[in-house]
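First comes the structure, then the notes that go with it.
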Amino acid sequence: MSATAQPEVVTRFAPSPTGFLHIGNARTGLFSWLYARHHGGRALLRIEDTDAARSTQEAIDVILDGLRWLGVDWDGHEYYQSQFHARHAEVAHELVAHGHAYRCFMSAEELAAGREKAQAERRPYRVESPWRDGAPAREGPFVVRLKAPREGETVIDDLVQGRVTVQNAELDDMVLLRSDGTPTYMLAVVVDDHDMGVTHVIRGDDHLNNAFRQLAIVKAMGWPEPVYAHVPLIHGFDGAKLSKRHGALGVDAYRDELGILPEALFNYLLRLGWGHGDDEVISKAQAIEWFDLAQVGKSPSRFDIKKLENLNGHYIREADDGRLAGLIAPRTGKLIGRDLATAEIELLVRAMPELKPRAKNLNELAENSTFLFRTRPLDFDEKATQLLAGDSPRLLARAWSALYALDEWSALATEAAVRSTAEAAGVKLGQVAQPLRAALTGRATSPGIFDVLVLLGRDESLARIADRMDGAE
RNA sequence: GGCCCCAUCGUCUAGCGGUCCAGGACGUCGCCCUUUCACGGCGAAAACACGGGUUCGAGUCCCGUUGGGGUCACCA
């Protein structure tokens with residue numbers, strides 16, 4: 001694989017299928033992918049589908065689609081945690097056999113009582129199972145618990161968090177196998193990461209505390225310790241972990257509902273919590289070249305939709321006209337109440353150079369394109385109606401005549417005609433151009449009016465003007 | 001509450017002991033361009049949480065305070 005003697009880097013992204021790809025998880029996945037790509041290693045994907053109820057194929061597809069759309073791929077096939085349950089149990093039993101874990105027969109009531117007592121005495125609760133020290137087995141259901149170390153301390157040299165130390169007395173004997181024999185997440189991740197050959201565990205820092213307990217399993221099994229990197233979570237406007245409460249959306253919503261381009265979200269997520277000097281606009285190739293965990297900040301960052309949209313506007317301006325037309329055609333169609341014909345999509349492509357500097361998301365882009373396809377008589381919004389009052393119908397009639405007389409229908413020619421109309425009428429250009437805009441588009445804002453004239457074509461333009469001009473002239 | 005982590009403009013960040021009366025970007029506010037709205041250009045306001053150390057010298061190192069966050073399941 002790699003020609004150098006460097007040990008291979010294997011990262012993994014392990015989302016659980018909850019029905020959507022949380023923006024924070026997407027960033028963590030992006031970081032883990034970038035780390036692997038930067039180091040020429042492998043990026044793996046594992047679906048944590050242990051919770052069978054939530055793990056529908058549909059929920060899984062949402063994640064896979066979201067990642068692909070973002071431009072994050074993975075090496076080999078995706079892994080499904082649920083397929084390894086037998087192996088997880090096998091490891092648990094091996095741990096028991098070697099005295100690193102034990103069968104605990106404590107009932108839920110006993111556990112609850114202990115927890116309450118600890119609470120009452122205002123001291124932290126730690127499971128004290130008599131079976132840890134070999135009490136005789138009892139009848140009934142049992143779980144398998146890890147015999148966690150109680151002396152000394154555990155140190156993790158985290159690539160993002162630095163050296164973190166925890167007293168082993170803080171760790172307790174966590175459940176490895178439930179009473180129904182199924183593995184807990186704690187056991188499953190450790191076993192899967194080991195079996196998949198994961199060298200770098202890059203995940204959200206909400207797992208930092210778990211890392212110490214998981215490391216206990218790794219050590220008990222005598223497996224090589226992975227390198228950990230716990231990246232800070234994304235927070236909402238109030239500084240708390242981003243969640244539904246903040247209206248946190250899945251990646252698909254940014255694509256479908258907010259009209260965000262994948263390269264914009266990629267760039268935004270990359271810059272959130274990571275920086276490379278003063279660089280703001282960063283391509284995927286540059287990201288792979290520059291990215292490293294060392295520059296990832298330790299403090300959580302807040303999600304700012306304004307900056308995302310600014311970046312989105314940038315990428316819209318850079319995007320290919322045909323691509324944009326294809327992306328907004330369905331949206332424009334929805335706005336005007338019918339599908340766009342092929343010729344109309346071609347018109348959209350031609351209009352795109354004028355349309356795209358004026359939009360920061362695909363919805364705006366679509367909205368701004370509707371004037372091209374509206375049928376007469378146009379509907380006029382309030383501002384347009386105002387522009388069409390007073391002297392405007394008279395001015396429009398004069399403009400109509402000048403335009404009608406044109407041999408050539410171009411931006412240059414129409415501009416000359418409209419300018420001379422204004423001059424002849426003794427008014428400023430704007431006094432003719434604004435009513436013209438209103439008559440042509442139904443709105444008070446639009447692309448340059450001479451471009452609009454050309455895009456609409458001679459017949460449609462003259463007809464729209466005629467609709468609003470003073471017929472007496 | 002215990003444990004762990006964090007702390008530069010409103011937000012994302014640059015800064016890795018002196019070149020910082022702190023730089024860039026978004027946002028905000030002006031001005032320019034201009035037929036509107038954008039784009040673009042120019043400019044402005046805006047931050048090293050606080051207190052002790054260490055040092056000739058601290059945004060940069062150490063300690064504490066305050067503030068914020070994360071985590072404490074037979075959930076993942």
Side-chain angles (χ1 to χ4, degrees), chain A residues 14-18 48-51 54 81 104 106 108 111 115 118-119 122-126 141-145 158 160-162 164-167 169-172 174-180 182-186 188-189 204-213 230 232-233 235 237-241 268 271-281 294-295 297-311 313-314 317 354-360 364 368 383 387 415 418-419 422 428-438 441 443-450:
Chain A
S16 53
T18 55
E48 311 255 291
D49 57 345
T50 305
D51 186 343
R54 284 191 299 184
Q81 187 159 69
C104 172
M106 286 177 85
L111 248 14
R115 210 161 286 158
Q119 180 111 18
R122 305 185 77 245
R123 67 180 163 76
Y125 177 67
R126 217 116 288 154
F142 62 86
V143 297
V144 171
R145 283 186 189 280
D158 192 284
V160 171
Q161 302 293 332
V164 186
T165 306
V166 160
Q167 297 305 312
E170 300 292 334
L171 276 24
D172 69 353
M174 62 183 170
V175 172
L176 264 21
L177 238 39
R178 302 189 185 96
S179 50
D180 65 358
T182 58
T184 59
Y185 163 79
M186 286 290 181
V189 246
D205 73 2
D206 49 340
H207 285 289
L208 181 57
N209 291 299
N210 289 337
F212 293 89
R213 313 156 116 231
H230 290 92
L233 302 172
H235 283 188
F237 50 84
D238 60 352
K241 180 166 138 179
Y268 178 71
R271 278 288 288 105
L272 196 59
W274 176 85
H276 184 270
D278 286 343
D279 296 301
E280 296 288 347
V281 175
Q295 300 118 35
K298 294 162 110 178
S299 53
S301 20
R302 301 189 187 199
F303 191 82
D304 179 13
I305 188 73
K306 285 279 183 48
K307 189 147 185 175
L308 206 208
E309 289 211 306
N310 172 272
L311 229 25
H314 169 85
R317 272 168 256 134
E354 291 304 319
L355 258 19
K356 62 186 185 182
R358 296 175 163 78
K360 55 185 186 294
E364 284 184 3
N368 294 343
K383 285 179 180 170
L387 286 171
E415 175 165 1
V418 173
R419 280 190 188 279
K428 298 178 100 176
L429 179 59
Q431 284 182 264
V432 181
Q434 280 301 83
L436 212 42
R437 181 187 317 284
T441 68
R443 303 286 116 100
T445 66
S446 79
I449 200 63
F450 308 113

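In what follows, chains are A, B, ... by sequence order, proteins preceding strands, each numbered from 1. No hydrogens, no waters, no symmetry mates; every other heavy atom, side chains included, goes into these values. Quantities reported herein were computed from a predicted structural model and do not represent experimental measurements.
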Check the distance between A73(B)'s P and R213(A)'s CZ and give it to me in whole angstrom. 7 Å
Partner lookup for G1(B), please. Criteria are Watson-Crick or G-U wobble with both distances under 3.5 angstrom; report none if nothing qualifies. C72(B)
Paired with A58(B) by Watson-Crick or G-U wobble geometry, both distances under 3.5 Å: which nucleotide is it? none
Could you tell me which nucleotide pairs with C9(B) by Watson-Crick or G-U wobble geometry, both distances under 3.5 Å, or answer none if nothing does? none
What does K241(A) touch in the nucleic acid at a heavy-atom separation under 4.0 angstrom: a base, only the sugar-phosphate, or nothing? sugar-phosphate
Sugar-phosphate atoms are those with a prime plus P, OP1 and OP2; base atoms are the rest. Using that split, label each nucleotide of nucleotides 30-49 of chain B B, S or - for protein heavy atoms under 4.0 Å, 5' to 3'. -----BBBSSS---------
Have a look at V175(A) and say if it touches a base, only the backbone sugar-phosphate, or nothing, with a 4.0 Å heavy-atom cut-off. sugar-phosphate
Look at the side chain of R145(A) and decide which nucleotide, out of G10(B), C74(B), G2(B), has an atom nearest to it. C74(B)
Nucleotide C6(B), atom P - distance to CG of D158(A) in whole Å: 10 Å
Whole-Å gap separating P (C5(B)) and CG (N209(A)): 9 Å
Counting the atoms with a prime plus P, OP1 and OP2 as sugar-phosphate, which does T165(A) contact under 4.0 Å by heavy atoms, base, sugar-phosphate, or nothing? sugar-phosphate
Looking at every strand, decide which applies to D279(A) at a 4.0 Å heavy-atom threshold: base, sugar-phosphate, or nothing. nothing
Which listed nucleotide (G70(B), G24(B), C5(B)) is nearest to the side chain of D206(A)? G70(B)
So, does the side chain of K298(A) form a donor-acceptor pair with the base of A7(B) at under 3.5 Å? no
Separation of A76(B) P from Y185(A) OH (nearest whole Å): 9 Å
Scanning all shown strands, the Watson-Crick or wobble mate of C21(B) with both distances under 3.5 Å is none
Given that both distances must come in under 3.5 Å, which nucleotide forms a Watson-Crick or G-U wobble pair with C29(B)? G43(B)
Along RNA chain B (nearest heavy atom to each residue), the more 5'-positioned of A108(A) and L308(A): L308(A)
With distance as the sole criterion, do the side chain of D205(A) and the base of G70(B) form a donor-acceptor contact below 3.5 Å? no
Regarding M174(A), tell me which of base, sugar-phosphate or nothing describes its non-hydrogen contacts under 4.0 Å with the strands shown. nothing
C9(B) P sits how many Å from K306(A) NZ, rounded? 19 Å
Does some side-chain heavy atom of D158(A) sit less than 4.5 Å from a side-chain heavy atom of L208(A)? yes
Checking F303(A) now: which residues fulfil ring pair (Phe, Tyr, Trp, His ring centres under 6.0 Å) with it, not counting sequence neighbours? Y254(A), Y268(A)
For the pair K298(A) and D205(A), find out whether any cationic side-chain nitrogen is under 4.0 Å from an anionic carboxylate oxygen. no
Of the options G2(B), A76(B), A25(B), whose atoms approach the side-chain atoms of E280(A) most closely? A25(B)
Would you please confirm or rule out a distance under 4.0 Å between OP1 or OP2 of C5(B) and any side-chain N or O of S299(A)? no
Return the nearest nucleotide to the side chain of S301(A); candidates are G70(B), U13(B), G27(B). U13(B)
Can you tell me how far C1' of U71(B) sits from NE2 of H230(A), to the nearest Å? 12 Å
Does any part of the side chain of D49(A), heavy atoms only, come nearer than 4.5 Å to the side chain of S16(A), both counted from C-beta? no
Go nucleotide by nucleotide along RNA chain B from the 5' end; which of Q161(A) and G273(A) gets its closest nucleotide reached first? Q161(A)
What contact category does S179(A) fall into here, base, sugar-phosphate, or nothing, at under 4.0 angstrom with non-hydrogen atoms? base
What's H207(A) touching, base or sugar-phosphate or nothing? Going by heavy atoms closer than 4.0 Å. base
Tell me the partner of A38(B), counting only Watson-Crick (N1-N3 plus N6-O4 or O6-N4) or G-U wobble (N1-O2 and O6-N3) with both under 3.5 Å; none if nothing fits. none
Y125(A) atom OH is separated from C72(B) atom C1', nearest whole Å, by 13 Å
Looking across every strand, which nucleic acid part, if any, lies under 4.0 Å from E48(A) by heavy atom: base, sugar-phosphate, or nothing? sugar-phosphate
Does R302(A) reach a base, just sugar-phosphate, or nothing at all? Heavy atoms under 4.0 Å. sugar-phosphate
Find the partner of A14(B): check Watson-Crick (N1-N3 plus N6-O4 or O6-N4) and G-U wobble (N1-O2, O6-N3) distances, both under 3.5 Å, and reply none if neither fits. none
Closest heavy-atom contact between R358(A) and E364(A)? O-OE1, 4.0 Å
